[in-house]
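Remember, it's a predicted structure, so these values are computed and weren't measured experimentally. Counting starts at 1 for both ligands and their atoms, following the listed order.
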Amino acid sequence: MKKFISKFAAAAAILICCVYCAGISKTPSKGKTLKDAYKNDFLIGTALNTTQIEEKDPKAAALILQQFSAVTPENIMKAEIIHPEWDRYNFDLADKLVAYGNKNKIKVNGHTLIWHSQLPAFARRIKDVDSFKTFFNNHITTVASRYNGKIFSWDVVNEALNEDGTMRKSLFLDKLGDNFVTEAFRLAEKASPKTELYYNDYNNEQPKKREGCITLIKKIQAAGVRIDGVGIQGHWHLGHIPFKEIEESILAYHALGLKVMFTELDIEMLPRNFQGADVNQRQASNPALNPYANGIPDSVLQQQANDYANLFKLFLKHKDKVTRVTFWGVNDGQSWLNGWPVPGRTNYPLLFDRAFQPKPAYFAVMALKK
Ligand code: G3I
């Protein structure tokens with residue numbers, strides 16, 4: 001009897017394992033994944049949250065290793081988390097991310113050294129310019145030098161511009177003046193000579209903001225300071241992808257000698273009354289803004305598949321200029337767009353659904369590499 005039970009248990013275990021692995025391996029063509037299909041074109045990345053960095057979600061863990069060749073931390077390398085007190089840094093999760101990248105031969109893009117949002121409380125309280133300058137210097141030098149040659153790249157400065165291309169009002173602009181971006185790159189270059197350095201923003205494919213971004217980049221270059229690339233975040237809206245402006249931007253930024261990356265790609269599937277990704281913007285909750293709480297029609301997912309396929313056609317057309325395409329999350333369930341700008345919505349902006357299954361958009365993007 002005991003022998004029969006153990007044989008039955010073993011058979012059951014194997015069966016469960018097969019069913020489980022069958023779930024993950026339902027990718028389109030045998031063995032080919034996003035990172036394999038595009039390996040000769042550009043890196044395919046994703047944003048990782050804490051659970052994923054700590055590999056606490058087995059389904060996510062398997063999918064990430066299967067599909068992606070680059071990762072960006074969604075939050076854990078931001079100043080608020082990595083530098084919570086004046087003279088205390090919290091490198092635990094960032095060190096885990098670097099170890100994860102090395103173990104799995106996945107490139108890590110650090111996000112982000114200088115950003116007006118998610119600043120630590122002590123920094124927001126600093127009144128005098130000299131102390132703020134000391135915070136600025138210490139933060140960049142300490143964090144960037146720790147990961148010198150250990151991570152592939154940094155978003156040195158994130159979202160320093162307004163929609164009209166002028167400098168965004170921030171503690172950095174107020175305390176340090178509009179040369180703070182160049183100084184941030186100068187400090188990062190000194191602290192991290194083996195790491196690529198990027199400027200990152202949203203809507204910097206739009207003509208006015210692009211002009212402001214080009215002015216900023218030329219200022220850094222004119223100061224003899226290294227900048228290797230520019231990130232266009234790519235938080236776009238279903239049916240409203242600015243393809244013409246995107247192509248103009250790839251050409252314009254590449255003409256400055258820079259690598260071009262799409263760094264936080266997602267396609268918003270729900271209504272909202274403004275473009276962009278300004279985290280400080282909010283919109284009041286209302287059922288009309290959450291139309292797919294119980295599922296989304298295939299026809300809408302097909303529209304998304306067309307938008308993603310046309311985006312990747314453009315990236316492939318300029319694969320000599322585009323070096324990375326990173327999705328802002330692994331699957332729909334993780335996306336920040338479930339909570340912004342309206343809390344508690346059910347959004348579908350990425351290539352994998354809440355069960356980590358590939359969506360029509362995934363097959364459309366893969367079909368380009370058949
Ligand atoms: O960790 C705390 C948790 O302890 C607390 O219980 C919970 C409830 O308030 O908040 C958690 O912190 C949240 C954090 O994400 C981690 O989940 C913050 O409230 C929330 O504001 C933060 O949102 C992040 C947002 O940046 C903040 O600005 C999103 O996850 C992240 O996707 C988003 O990413 C930005 C890029 O960095 C820059 N470009 C735009 C992009 C989207 O806003």
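Residue-ligand proximity, W115 to ligand 1, at heavy-atom distances under 4.0 Å covers atoms 28 (O), 37 (O), 38 (C). Applying the 4.0 Å criterion to heavy atoms of W336 picks out, from ligand 1, the atoms 32 (O), 42 (C), 43 (O). Heavy-atom contacts of N158 reach the following atoms of ligand 1: 38 (C) (cutoff under 4.0 Å).
Protein heavy atom nearest atom 34 (O) of ligand 1, with residue, atom name and distance: W328 NE1, 3.2 Å. For atom 15 (O) of ligand 1, the closest heavy atom belonging to the protein is N75 ND2, 3.5 Å. Atom 43 (O) of ligand 1 has its closest protein heavy atom at V279 CG1, 2.7 Å. Closest to atom 40 (C) of ligand 1, if we only count protein heavy atoms, is E264 OE1, 3.3 Å. For atom 26 (O) of ligand 1, the nearest protein heavy atom (residue, atom name, distance) is K78 NZ, 3.1 Å. The shortest contact between atom 38 (C) of ligand 1 and any protein heavy atom is with E159 OE2, 3.3 Å. The nearest heavy-atom contact from the protein to atom 27 (C) of ligand 1 is Q118 OE1, 3.2 Å. Regarding atom 32 (O) of ligand 1, its nearest protein heavy-atom neighbour is E74 OE2, 2.6 Å.
Counting only heavy atoms, the protein never gets under 4.0 Å from atom 5 (C) of ligand 1. Counting protein heavy atoms under 4.0 angstrom from atom 8 (C) of ligand 1 gives zero. Atom 30 (O) of ligand 1 lies below 4.0 Å from at least one non-hydrogen atom of the protein. Contact annotation for atom 11 (C) of ligand 1: protein absent (non-hydrogen atoms, distance under 4.0 Å). Within a 4.0 Å radius of atom 20 (C) of ligand 1, the protein contributes no heavy atom.
E268 and R345 are joined by a salt bridge, as a carboxylate oxygen and a charged side-chain nitrogen come within less than 4.0 angstrom of each other. Ion pairing of E183 with K133 is absent here, as no side-chain N (NZ or NE/NH1/NH2) approaches a carboxylate O to less than 4.0 Å. Taking 4.0 Å as the cut-off between side-chain N and carboxylate O, K78 and E80 do not count as a salt-bridged pair. A salt bridge does not link E196 with K107: none of the charged nitrogens is closer than 4.0 Å to a carboxylate oxygen.
Linking Ile, Leu, Val, Met, Phe, Trp and Tyr whenever their side-chain heavy atoms come within less than 4.5 Å leaves L43 and L351 in two separate clusters. Y308 and F68 fall within a single hydrophobic cluster, where Ile, Leu, Val, Met, Phe, Trp and Tyr side chains are chained together by heavy-atom contacts under 4.5 Å.
Taking a 4.0 Å cut-off on heavy atoms, W340 fails to register as neighbouring ligand 1.
For S192 (side chain) and A188 (main-chain N/O), no donor-acceptor pair under 3.5 Å exists by modelled atom type. For K169 (side chain) and N162 (main-chain N/O), no donor-acceptor pair under 3.5 Å exists by modelled atom type. The closest donor-acceptor contact from the side chain of K219 to the backbone of D178 lies under 3.5 Å.
Counting heavy atoms of neighbouring residues, nucleotides and ligands inside a 6.0 Å radius, atom CG of D164 exceeds 12 of them.
Side-chain atoms of E189 and V225, non-hydrogen and from C-beta on, do get closer than 4.5 Å to each other.
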